[in-house]
Each structure stands twice: as structure tokens, then as C-alpha cells.
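A short worksheet on the structure shown next.
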Amino acid sequence: MKVRVGIGIIAFFAVVAVIGPWLNDLMGIGPWKIDYDAISRPPGGGHLLGTTSQGTDVLAQVIAGTRNSMVVGAVAGVIGIVLAVVVGVTAGFFGGRIDALLSFLTNMFLVLPVLPLTLIVAGYVQDTGPITIALIIGLFGWAPGARTLRAQTLSLRGRDFVMAMRMLGETKTRLIFVEVLPHLAGWISAMFLHLVLGAVLAEAGLAFLGISSADTVSWGTIIDQARQVALLNGMWWWFVPPGLCIALLGTATGLVNFGIDEVMNPRLRTADIKAMRKALA
Amino acid sequence: MSETPILAAEDVTKHFHARDGVGRHVTVRAVENITLRLHRGRIAALVGESGSGKTTLARLLAQFYPVTSGEIRLRGEPVTGPDKRFAGEVQLVFQDPFASLNSLRRVEHNLRRALRLHAHPAADEDVRELLGKVNLTPEAEFARKLPHELSGGQRQRVAIARALAVRPSVLLGDEPISMLDVSIRLDVLNLLARLRDEEGLALLYITHDIASARYLSDDIFVMYAGQMIEGGPAESVIQRPKHPYTRLLIDSSPDPERAAGSSAFTVGEKLGEPPSLVDPPPGCRFHPRCPFAKDECRTEVPPRVEFPDGGWTTCWLHATRPEDTPTP
Amino acid sequence: MILDVKGLNVDYISAKGTVRAVNDVSFQLRRGEILGVAGESGCGKSTLIMAITRLLRPPAALTGGQVWLHPRDGEPVDIAARTDRELRRIRWNKIAVVLQSAMDALNPVARLSAQFADVLKAHGYRDVERRTAELLEMVGISPDRARSYPHEMSGGMRQRAMIALALACDPELVVMDEPTTAVDVVMQRQILSQILQLRDRLGFSVVFVTHDLSLLVELAERIAVMYAGRIVEIGEAAAIYADPKHPYTKGLRDSFPPLRAPVTKLSGIPGSPPALRDLPPGCAFEPRCARRFDACAQRRPELLPVGGGLAACHLHDRERTHV
Amino acid sequence: MRQGRWRFLTRRVGFYLATAWSAITLNFLIPRLMPGDPASVIVRQLQRQSGESVSPETVAAIQKLFGDPRAGLLQQYGDYLVSIARLDFGLSVSRFPTPVGELLGAGLPWTLLLVGTTTVIAFLLGTGLGIAAGWKPGGRLDGFLSPMSTFLSALPYFWVALIALYVFGLVLGWFPLGGGFDPDLYGGPGFLGSVLEYLVMPAATIVFSAFGGWLLGMRNMMVTAVSEDYVLLGRAKGLSSGRVMFRYAARNALLPSVTGFAMAIGGVLGGALLTEIVFSYPGIGYLLYDAVSKRDYPLMQGVFLLTTLTVLLANFVADSVYVMIDPRTREAGR
Amino acid sequence: GGTQGTGTGSTGGAADSISLRVNNATTYSRNFNIYSPSTDIAPQISLIYEPLVRRNVFKGGALEPWLAESWEWSDGDKTVTLKLRTDVKFSDGTPMTSKDVAFTLNIPLKYPELNTGGQTYVSAEATGDHTVVVKWKKPAQLDFYRFALGVTGFAPRIVPEHIWKDKDLKTWTNPDPIGTGVGRLTAFTPQQFTLETRADYWGGPFPMKTIKIVATGSDDQTKARLLKGDIDFATISWPNAEQEYMARNPKTNVYKTFHTGGEESLLFNMDKAPFDDVNVRRALAMSLDRSSLLKLAPTGQEPANACGLEPAVYADFMAPGCEPQALDAEGAKKALADGGWTVQDGQLAKAGRTYPLGVKVVQEYANWMAYGKGMQDQWKTNLGLDVKVTAVPEENYDPQLNDGDFDMALYWTGGSNGLYSVFTDQLDPETYVPSGKDAQYQNQGRWKDESTAPLLDKLRTSVGDPEAQKETGHQLQKIVLDQVPYSPMFTADWFVEMNQTRWVGWPEAGSTQHVPHSGIGPDIVLTLKGLKPAGA
Ligand SMILES: Nc1ncnc2c1ncn2[C@@H]1O[C@H](COP(=O)(O)OP(=O)(O)OP(=O)(O)O)[C@@H](O)[C@H]1O
Ligand SMILES: Nc1ncnc2c1ncn2[C@@H]1O[C@H](COP(=O)(O)OP(=O)(O)OP(=O)(O)O)[C@@H](O)[C@H]1O
Ligand SMILES: [Mg+2]
Ligand SMILES: [Mg+2]
């Protein structure tokens, strides 16, 4: 149930991200279209969520922003998870020197303070569009995942079923891809969601710090723009929606992760207290 | 018995390097100077207390890790590493049938991979033939099942079928039934016996359960603290144990016949615990627990004594008067 | 009599449906007696133990029956009907439990002494240290090990410490769930003899659960055999071994190769236990039973007296009617 | 036993030293790889402030003063290592010629105060509630707390902070808008009070969005622990449920959290960046932000180094604490 | 709940104190080294250290006495003799003499890297107790302006020799500043420092006892604090200030803008096609509706004159036809057509090639961001062009412009430093460097037209001759108008927020002779001095 709600919300945002521009066209609004007659207009009339102090439509911006926020999330998530899998699984599976080296790398990235580092590096890159931001976030975000995956792989590697396949003379590649990786699917998907959310939040944070591209609109940039004007004017319709979108997405990933956790760790599966009460009543 | 053993451990020793509680590097003498030969069409049982090195020996035979000294020989040839040819001859069956099958893969995946890897035909009927061999019928249905749809015994049979797929000549079973429900253990044991008889497999059967060792095997070997202390034909070991430790094992095993109906359960003396393998006792390793320990037991390693019934032991009690068994 | 269990039902409840893991179980335990409970995996042995000690956790719920405890001093208590708070006084004082794996059952972050101390203090013992030493000595552990953490001890030692802990408050009933499954034969024998010895000395009663029938024959006075949540046979240990009345019991008995008797080919019990979710309408053992007949699939046999004990099998219907 | 712990810890020290070195090197390189130099930043600011252009001579002088950050990297690296060893972080550019060390010293207490207290409060609150929620998994409390904290921990916290600032600072006027204290009371009798008053809002927003994470983590550990046999045995022993809950379940469930807590404390310096910016809190985070936007390399390096070293230190402490509190870690760190 | 008035810097009723925000520092460092060009040190404006002369912005940048009573040129405008006031004392009681002045003026000579004022004189000597002679190599009337620059720390501001002489100015932070200004530092915290006004100030008594200089961090914080009434005086650009600030409390909150005489212009990178074509530049300039753009961030700025001079400062010099460029979409299209340009898929095209266009703005400037977006929208609407807006962080902006790494960009042009400075900044072909080379803040648009050079020369050499200035000025204005080397967009303004709760008598645009800017030289002194307690 929880999981289904979570997946529903994520899917909703994903769909909006994909069809966003088309949706905007359909409603005849655009994130950059300026309506000089409706500056700082509260919700209603031609602008469902009102307009910004620059005469642009908030809804159109949120819709357009969904795409970029989701792109940042997805790209950073993919980069992060790929790195985490490559580093973690390799280290865990091969052990020995490779492990020592990769673990050191992982541990180092674990202790480097990520936000400051991201800030410093993002300042380095010019005109930071969503992909760049995603790259940076992904590059700095893989370490915790790699650590977990390494530990998991290490334990999987020693499991009887892997041993048994190895006894048969199975190749290492196939051992990794066919026997080990599928068992990490739960971890990987949970981690991926975690990374996606982290990236969306980080993107918003960076936008807040002024690291974003003027030509793209994302939830983070909307918040950043809005805070400069909207707060003082009480223009909640401008400031609140992007934040809520992030929170909603976060809650959704949280819910899905709840479910994944329970699948991975059966002991987290809680009794259905409601059903029990009903049965015992 | 004089034919070349298919798989043999010749005087093998395995030391592990680990850290002890204080963080010091220590050497765990898991297996020391053991010779074990597996012959075609025979089942050898390996019994012993927990931690006596049974699994280590089996894994040495399976080339899981290299020996510290000594040699593993396949058909008389020393083996150097776990290559494909070796895998095609020697297979291991694990203790836990729940853990030894990939829970995400169907039965046929396991079998087909095993067949392919060793260049055997891997069509549906080959898979079915294997399943038939381990009595999993209807075969086609079982081939499509996932491990969680199988009972423990069925899983263990799948694991055995997978091992058989490579057409090995040796099967090493590390407590293959200890995780199974009592009611289905016999099923698996009977299957192993049949494989020996029909396929002429050489089998190593590791167990805690002496009764099942007697039931299944031709020869029994007893390990204690990393060493082999007694061996011989099954009946002779069980009926006429030579080493006090073997006797202890047998006496400890539940035996409804012995005491049926009464609870006149004689309380053994303080039997102590197996020794540390890091710093084993000198002389006979069993001497601290042995009620018959003599002076030489404490200082000198007992020699190997052979008996006419085919058995042998390493015990000072027999070193002098090999012909009669001590009656404590 | 120390324990009188009447018509006990335990359900596992979930939104998907309810399964009854312990079904209408009744038995009595005499003072000082050792009752063995045997059965295949999943037949409800542990659930039964948790129910009579009221330690069930969701989704398990006790949905029927009574568990009367008759303490030596005082009124009988229906454990099944009391609140947790009320039970606190009885726990460990009257009923103690030993679980399968001492490694898991001992608090990994507390020293042994602390784990003795908190139960002793909770039940009003004064000289905690002396008592701890005494208890440990009783099971052959040197008292200076009291300051160890569980992980610092070997498996057998932990299991014995567990037993010592169970005896801490001089209980009248000790419930043991497979206390020796995780240790090897030699250690098992030691532990069993210790249990017997202590029982003889202290006079507590034991409910001993295991799937190893051959063990129970030596240890227990009476044996209850469970199948699919029900007791299918209960009787004197020797009688059960010598002449099992239920085909399931017989099958179990014949699953153990003999240690000394001549080896014959044995075959165990074919098939596997039924899923509790959809039990056959008649006898639950019917699909696996070699001696089944028509009635078996239609009517569930009642647990009725046969010979010296009780058995639930239609095979005995005729005998009974003849009597 | 004790000796084993030491051995383990000394092995970890090696790792920390290597990491510290890598961080120091990275720290050295990153700012130097960034475009823009301090001189142009300063010129830009002067220009903005005055609304007019700055003469070429001025520009030349400023460039001369700060030098070229990319010249003679190797030489610089050597000098850098030497001065780091002497705890000399150089002179700040954006506050020339104030030494970086002085700035760090000024910012550190504030960040420690803000994030230190909030981390502790969030940890205690989250963990406490997590214990309660996990004790009866699926129960009413759990059913309420878990989803709620999922939601709370998903809120972007600077967003929460901005709303708080607007509502409580500006509209309601309950709390000051920014800063760490009332400068009019500086050093006076009301100073501590004002520090607390200024702390409330930033601290509350951090706690508000951070405790959910602790709660969820602790809850999950607790749920796992509650199903352990030793907890069952605790109940069977007839101990009070509070005792079982804390001594048996929570005590075990807490172990991973304690490590997490120590690491979180390590993240303190870097963690409050956004909050400090929203509330103009005079801490390290703000200093870093300033340093980055003003290309103040020495300051950037100082902050980054300080942050990294605290994280390392905290990790070391976490390791040590874990070894101390978990009797099972004879052979930890594998 | 109501405001409890516990905010920073609130003066708790009694009007003996004033709080000002000078710049966007979160915290100040106790660093009063006026030779530091840095901005986050404690700003002293001219409340502590004062310059010799002051520049009157509203008189075309005319110089007026400050610590120097008068000055005289000789030696063909290569030598100036300054006569100092005799009544000036440092705040430690020591009188200021010509020795102090000569010492101060020699600092940039001794440490060229501390020559942050960009001084060009070659010697400075005390010739009497209160006279100082400064010499240049070339005629230096223009260079003398640098004695009066309004910006923090850049004009030579007189320091006491007895304190400064043994210090290493490259590391000394001067924590206890002693100067000739009205303020004496009495309390320092990183968030605020307090200056007490001196009774013995040469400029006479001040209406307030203390002046608090508050560090507010960002513009957001500053606005919030202004709204809360924590700050009496600040200077930030505040779009919508009318509603957001004034309307909240019309009686007390005042937001004003003062034209600086410069403008915010659209620079074109003329090194690069298609901006090397005047038709394109003209079309792009004509297709913008400046007053609409200003609505997107109504800071109080106005459309700028099309020829690069603003009447607020240069009324006498204006060429005819200089009114702001009006939106002329048709004209713009025609200009494109004249140049042979077409618009294809939103891009400029000619001879089979298309040219993507971009415009840069500074990310931190909210109004520029809004204007950028607006320009993008208007170019799209009026010409069908897709122009990419790039927001560049403040710190990267100048390097990119200097390197010619831009198509178009908003930037400041003009100013109140006189005609020569207005035109030489962007139009001096001698300072041309190709894209990729550092333009050093000059001619970033890469103007190459040699005909401009003689005009600029003439302007420089005729400083004292208003007629010549005017005529040359007209010619240069025409170049800007016709060639559009850059297109002036909006007036560059000083934005000032003033709170009349505690202090009244703030300067009015049009009548004032000093900018009420919290960050500018002696003007702040004049502003504060002119205030009166409210209700008095
Ligand atoms: N990889 C290893 N590193 C260090 N010590 C090991 C390793 N594997 C086994 N040992 C040690 O070697 C000894 C023998 O272990 P082994 O598993 O072979 O015993 P076993 O007879 O199979 O016991 P069980 O009946 O419990 O399975 C034990 O003391 C064990 O701790
Ligand atoms: N949490 C649960 N939810 C649903 N069903 C459960 C749960 N726990 C146990 N069961 C079911 O209850 C039945 C009895 O389980 P129980 O653990 O009592 O068996 P057991 O006889 O102790 O088995 P074993 O010998 O394996 O310990 C089993 O069929 C099991 O599937
Ligand atoms: Mg083993
Ligand atoms: Mg059980």
C-alpha cells in the first residue's frame, strides 16, 4: 500500500517530467512567457498557481522545473549507482589488493565533506546546467552506496550458492552478473532512490547557493528566485509549490524504500496490527 | 582397494592465519597431516566434533584453497588448482540446501549452466534426465520451480543433481543432510547410496551423526582437533571403536535401543571441550579429555596402529598391545 | 500436576488470512516430569512453547484455550488469561525458558553476570553474586567466567549458561526449545545429562521440544508428537518408541538408522508436511500416510486413548468400538 | 581484549593519515583549478559598490598584491604543506590581511554551538522517538511517527528555514532575523541570553528536518532488535517492559546509531552551510560560502581542511567509541 | 505577537544612535587596514579615515575641499600644491600635519602593490606645516581625480604617521584605528561595530552619539532587517521597494534612487559575428522595450539615454536626439534585412550560416536576472530570436568579459568621473585586445574604430575647456547612437533605503549635493551630519 502510493507519486512526477513541455503547450503557458499584465498575481484566472514577480506563470515553471529536477535526480542517481556498483561490487567480489585500494577510495570519499566539496567544485564549473550539477552530485555521492554494496557482495561471495556455481567452473563475470548482482537489486534500487532524492535536494541547495543555470528552471531555481521576492511579499503560491514537490517526491521515495527495506530485511516486516485487532475483536 | 584412488589427500596440512582476541596473528592448525583416499564406488564417512576440521578437509579436496603442505591427487596426479577439468571430476554438495541454491534462479538454470560449462548437451531432456536421477518427478514441473517452492529435501536433491550434471567421479558431501528434517534425511541418504551403486561415484560423507555414517558408508574416518585418529570399515569402527574418542562419540550419540523406556542416562564425567587449534596439546591431542591418558599420551604423538579388521588408529593404548581392545 | 493446557489455539494473523499454527492442543504435565515434544519442522512446536509462556509476538495471537499453571504454593493461574503485568511475577520464578540458540538469546552487549543479576534482582534475590556463582558451578562453568560476554564463550558453554540462567529463580517449570540443536553430539550428551541431573536434584518439570525423536526416547518420560499444529500422539516414551500408535510417529521413529542393530534399508516418510493455510479436510497426515483409507480423507480423527496413551488416527477407531 | 582494541585503532590511524593527506592535497588543488582569481573578484565588488569602473592602475595593484594562484604549483604545494604543518593557513584574501586562522577561530564556536546542539537534540529526540516507535512495530505510534518523519526528512531544510525566517522572524517578530547574538549586548550581562535567543530559530529548523532521519534509522534498528531472541528472553525473565525496551532492545539497536551520531558530529562543520546562510549565522559554513564566492583560496582551504579534519577525527572517535561500547568488536573494521 | 524590538542595532527609542548597513558582509573582521582592497573587513568609509578632496557627483564630478582646504596647479599641470586644514586632529588627539599627509601619500610609492587607488604621482613632499606638494610626470588634472574617489579605501586617506610608520602594511590589520574622521571605534563584534562621534571633529558636532555599522549578510537579510526597523540606512537595489518597503510603513520607510550618471548597458562582443555588423547591434537594441523590462524588477531605475550620457549629471553636455531607445520592432526587422540577415528557427542566419545568440547577466543581481529573462522574451516576441540567457556568478563575470567570452552582456558604462572617463572605458580603440586576451576592464566590447581615438585624445587634453568638451562629447555621443558599440539600457543608480523613525532630514534627489550612500566617501559624513532626530 505504502509502496504503491510511493510509486504512484514518483510515476506522476516522472510523467510530468516527460510530458511537461507538451503539457505546458496544451495549457498555453510557458515557463519563460512573460505576462506584463499579470505580475505577482495570486492563483486564479489565467494562471492557476499565479505568477511570479517577473510575470511568468508559476505552474508552468513548476512543470518545466519537474523535468530538470527529475533529470538531475535521475542522472545523478544513475552515475552514483553505477559508480557504487562498480566500485562496491568489484571490491567486494575480488577482495585482496583491489579491495584495499577501492575501499580506501570509498572511505576517503565517505569522509570528505560532500556539500562543501560540491560547492567548491560546482563553483569551478561554469554555467552549471542540470547535467553538470547531476554529474557533480553523482560523482560525490556514490561512496556510502559502494560501502554497503561491498559489504553485501562480500557476504554474497561467500554464500554457498555462489561457491557452488564457482565449483562448477562458472566464470567470474557470470558469477558477478548472474549470481551476485540480482541479489543486490533491492539494495541497488533503494540506494538509487536515495541518490535521486539526495540529488534533487542537493540541486535545490546548490541553486539556493546560486549554483545553477539561468536558462533552466528547476524546483531549486524556483525556490531560489522566489525567496528573493516572494517571501517578503507573502507570495506563498510562488515559494511553496516547488518545496512541496520536493517534499512529496522525498516522501514517496521514503515510502518505496520502506517497502524495499521490508523485502530485504524480513524482520522489518511488521505485523498487520489492524488485521490482528479485527481478527481478535 | 589397491586400485588408484580417484581423489586423495596425501599427508595434507592446512594452517589458517587469523587474529586472536588480542589482535595477535595466530596460526590455526585446522588440518594436520591427513591422508584420505576416495575410491570409485565407495563411500567414506568423516565424523568428528565441531571444529575438528572436517569442512576444511573437504574444501581442500575440492580445491577451495591451497594446501599448506601435502598434496591433493586426482587419479594419482597431483592437482595444482581448481581448473575446469578438476571441476568436471570433483563436486561438492553443501550442508545448507537453502543457501546453496540461488533463490532467484529456477532449477533448470542451475542444471543447464552446469551442463553447458562442461560442454555437455543441455537440452530440456538432459535437464529432465538429471532430475529423474535424483527422483524429482514430474521432472518438467520441477525444472520450472524456484527454490522457495521446494522443500529442503527437494532442494538438496537439486543441489545433488547440479553436482551430477558435470558427471563427476567424486562427490564431496559436507553434512548434506544435517539441515534436513529427520523424515526426509533417509531419502537423500538412499539417493547417495544409489549413486554410488549405479554410477560408481566415489563419495565423501561428512557428518555428526554416526548412525547415519554407519547406515550409508563403507568406511568411517574419525577426526579430532585437526587430525585423523581412527579409520576403517564402518562396522568395525562402530562396533569395535579403538580410540577412546571414537568411543566417546558413539556413546554420546542418541541410541533409543540402549536406554529405551528408562531414563537411566548415565551422566558422563566432565567431558571438557575440544582443544584450541592455535595451541593444541602436545602428544595425543585428546589426552586432556581422555580417561585412559598415560604419560606418553601427554608428551608423544601416538603412532598409527593397524588392526586386522581393516581398521587403524593413533592411540598409545594400542601401540603396545595392538591385538586387544582396552575395556575401560 | 504442574501444567494443564486445554484446547490451546494459536493463530498467525495477517491481512491475507489467518493460519492456525497450534490447533486445539491439550496436555498435562506432572510435577517433575520431562515431557518431550517432537515433530517435523513447522509443525508448531515453538509456537506452542511461546503460547504456554505467553511470549507470542504479533502476528501470532493466542485465540483460544487455557494454560493452567499449578504452583506448589498458591492458587492455579490461567496464564492465557492474565495480563503481561500480572504475569511478571510468575515469569522465571515459576516458568523459565531456554531457547534454541544461546548466542541469540543472551544479550550480546551485557556480561553474563549482568544478565543473571537483572533477573535475580527483579525477583527479589539478595546475594546476587553468590547465587550467580552457584548457578554457573551447577552447570560446570567456572564462576570466574561470569564477567565474560556471550561471544567470548564457546557454543556449549553458552548453552549451559543459558540453562543455569533458567534455573536462577528456582522455577517449577522449564520450557526448552531445541536447546541442543546447535551443539554437537558430545556437548549435547553433556547438556542432556546435566538437565537430568539437575531435574533430579531440584525437581522442576520440563517441556522439551526437539525434532529428534531418538533423543527424547532416552530423555523424556512422556512424548507428545505434533503434526500440522496438532498433537497426534502422546504417551509414555518407551511405549511410543516400542509401539507407536500413529503412522506418523512410526514414520518418525523409522527415520533414524540404528546405531548398533543390523542395518536395513529405511525410507523415512515420503512427501512433506502440508501447508497450514490449506489443510486437507480429514487427517492432515493422510496424503503422506501409507495406511490411509477412505475415512482418513473425510473426517479428522480425534485424539483418543489408545493403549496407555492418546492417538489421533482412524486406524484405532475399530479397536475402540470393539472395546 | 583492550590490547586488541588498541591494535585495531592504530591500524585505523594509518587510514586516517592517508585520507588526511589526500584531503590536504585535494584541498590544495581544487581552488587552484577554479577559474577566476581573487583580484578580479575584488575589483568586481568595488565596482558594484561604487557603481563605477575601477582604474587599470588599481586593478594592476590588486593583481600584484594577490599574485597569480596558478604560478609554480609544485613550489606552492611544498610551501603549503609546510605552513599546514605549522597550522598557518595564510592570510585571507577577502579580509586581507586578516589571518585565516583568526577567521576560523571566530567562526568555529558558532558552528559548534549551532550544529553541535542541534545534532545532539535531533539525535536524542529522533532516537528516543525511534525507540518508542520501534518497540511496537506497526502500532499506533509507529503508524504515525514513521510516515511523519519520512515527510519531514524529505523537506528541503533551507526551504523550511526560509519559511521559519519569514513567519517567525518577520511576520510574527518572535525571533531575531539573523546573526548569532545581539551585538549591543556583546560581552555584557544579557549576552548569553541573546545567544540563546538567536539560536532558537536556526536550531529549531535543523532539528525539525533532521530528527526524522534519526527516528527512521533507530526505528528500523529497534524493529530488528525487538524480534531478537534476547529481547524475548528479557520478557520471559519477567523484567519490566521499560527495562527490556531500554536495556535489551534499545541498547543493542543503538550501537549503529552511535557511530552514525559521531559521524554526524563530524559533519557538523559542513552540515550547517545552508542554515547558516539563511540565518546569516556567523559560523564556518557561512565563511566557506563567502570564501567560495570571493575566491578566497586561503580561507576556502582553511575551512575545507578544518571540516575534513573534524570529519576524520569524528570518524576516529566513532570507531573508538564503537570498539568500546560493542563488546563483540574484537575483530572489527574488516 | 508584536515586534519586540530586540533586533540588532535597534536603538531603543532614544535617537542618539544610527544603524547603517554598508555592504553585504555577514561578519566583519577587525581589520582597519585601509590599504586592503578587501571588502569584508570592517568598512570605515570616511567616518574614520578621510581623503583630501571630495568629488561632487551632482556637479559632473567636480572636486571640492575636504582635508585639503585648497589646491593649486603649476608646472603645466604637473604639480599640485595642497593647502591643508589646520584644525584637523586625529582621534587620539594628535593634530594632523603635512607630515602625516606626505607619509600617507608615499605609501603607494613605497609599496606599489598597495597602490590600490591607482595613483600615478611620482612624489609627495611636505613643504610646510600645512602644505604638501605632489608631482606627476605628465599633466595630471585628470589623475588628480583619484584623490577623491568615492570608493572604500581608494583615495589616499590620511593616516597618522606616528602609528603607521613601523608597521608592515601587508600583514598589519590595524585593529584600533585612529583617524581624522568623526568616528572613534568603541566596540567591535563581528556582526556590528560601533563608532562614537567625536566632539573635537573638525567638521563640527554630529547629531548622533554613536554610529553602528551592521553586517547583514545577504540582500534578503538586509531587506528583512530594514522591514523590521533594525536598520536606519542601507543601500541595496530593491526591486518592488515601493510595495515591499515603502508601502509597509509609508510614514517612515523611504526608498530612493539617485542616478549615478552612468548606465547599465548591453555590451556586444564586436570581435565576433554577427555583432561586428552594426545592423545586428541596432536591431537587437531596437527590439527591446526598456520600460517594460523595468517592470520586471522595478528598482526605480529608468530607461537610459541612447547615447551614453545621463542628464542627471551631464545636462550641459547632452547631444540632441539622445532620448532612450524606444521599442521599434519594425525598424529592428528592417535593420536586419538591411544587413542581409534572416531569422531561421529562432536563429540569426546569413549566407547559409546560423548564429546562436547569448546574453550574460550577473547571477547575484536579481534585477539583471529579471531583465535578462525579459530581454529573452522580447527578442523572441519581436524578432523571433531565441537568445540564451546565461547567469554568471559575480566572481566569474569580469574575467569572462575581459576575455571576450560572451556574445552580449549587461555591464556598466559611463559614470560621474567626467566625459573622458565615460567614453574611454568602452570606446578606446587603443585598448583593443582580441577575444581570448585579457582586456583589463577596458573596451570589453572590442571596439576597433580608429576614428574614436583622436576624439578621446581631444577630450583628455581639453579638460579645462567646456566648449571643446561639449563639442567632442557630441561627436562621441553620435558614435554611440549610430554605431551602437553598446546599447545603454537603464540608468545606473544608487539605491537608498532610509528609515525616518529615528532620523529625518535625508537628502532629496535633485536638491542634494551629496549622495546619501552608506558606502561612499565623505558623502556619508555629509548625509549623517545633516540628519535630525525625529520628533525633535
Ligand atoms: N578461513 C578460516 N580462517 C581461520 N580459521 C578457520 C577458517 N576456516 C576454518 N577455520 C578453523 O579451522 C577449524 C576447523 O574448522 P572446520 O570448519 O573445518 O571444522 P568442522 O569440523 O567442519 O566443524 P563443524 O562440524 O562445526 O562444521 C576451526 O577451528 C575453524 O575455526
Ligand atoms: N511470523 C509468522 N507468520 C506466519 N506464520 C508463521 C510465523 N511464524 C511461524 N509461522 C508458521 O507457524 C507454523 C509453526 O511454526 P513453529 O516455529 O512453531 O514451528 P516449529 O515446530 O518450531 O518448527 P522448527 O522445528 O522449524 O523450529 C509454521 O508452519 C510456520 O510457517
Ligand atoms: Mg563443517
Ligand atoms: Mg522451532
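Letters go in sequence order (proteins before strands), and every chain restarts at 1. Because only heavy atoms are used, hydrogens play no part in the values below, and waters and symmetry mates are left out as well, while side chains stay in.
- Atom-to-atom distance recorded for N190(B):CG and L266(C):CG is 7.5 Å, nearest 0.5 angstrom.
- Nearest heavy atoms, R260(C) versus R214(B): O-NH2, 3.0 Å.
- Scanning all heavy atoms of the two residues, the minimum distance from G268(C) to L186(B) falls at N-CD1, 3.4 Å.
- Of the possible polar contacts, none joining the R185(B) side chain to the F256(C) backbone as a donor-acceptor pair under 3.5 Å is found.
- Of the listed residues G251(C), S154(C), P273(C), A261(C), the one with more heavy-atom pairs under 4.5 angstrom with chain B than any other is A261(C).
- Contact between Q188(C) and P254(B) at its shortest, heavy atoms only, is NE2-CG, 3.8 Å.
- Within the model, atoms CG of D187(B) and OG of S272(C) stand 10.5 Å from one another, a figure rounded to the nearest 0.5 Å.
- Counting only heavy atoms from C-beta outward, the side chains of R189(C) and D251(B) never approach each other to under 4.5 Å.
- Other residues, nucleotides and ligands place no more than 12 heavy atoms under 6.0 Å from the CZ atom of R147(C).
- Under a cut-off of 6.0 angstrom, the local environment of NZ in K145(B) is crowded, with over 12 non-hydrogen atoms contributed by other residues, nucleotides or ligands.
- Of all heavy-atom pairs between A211(B) and P257(C), the closest is CB-O, 3.4 Å.
- L259(C) contributes atom CG, which lies 15.0 Å from atom OH of Y215(B) (distance to the nearest 0.5 angstrom).
- Using a 4.5 Å cut-off between heavy atoms, A242(C) makes no contact with chain B at all.
- Interface remark: I250(B) contributes backbone and side-chain atoms alike to the contact with chain C (heavy atom separation under 4.5 Å).
- Environment of CZ in R31(C): crowded, with over 12 heavy atoms of neighbouring residues, nucleotides or ligands closer than 6.0 Å.
- Using a 4.5 Å cut-off between heavy atoms, M157(C) contacts chain B through both its backbone and its side chain.
- Between the side chain of D181(B) and the backbone N or O of S41(C) there is at least one donor-acceptor pair closer than 3.5 Å.
- Within the 4.5 angstrom heavy-atom criterion, only backbone atoms of T264(C) (N, CA, C, O) approach chain B.
- Taking 4.5 Å as the limit, some side-chain heavy atom of R288(C) sits within range of a side-chain heavy atom of S183(B).
- Across V185(C) and S252(B), no two heavy atoms sit closer than the pair O-CB, 3.6 Å.
- Proximity to chain C (any heavy atom under 4.5 Å) is shown, for S50(B), by both the backbone and the side chain.
- The greatest number of non-hydrogen atom pairs below 4.5 Å with chain C, out of E235(B), E49(B), Q239(B), is found for E49(B).
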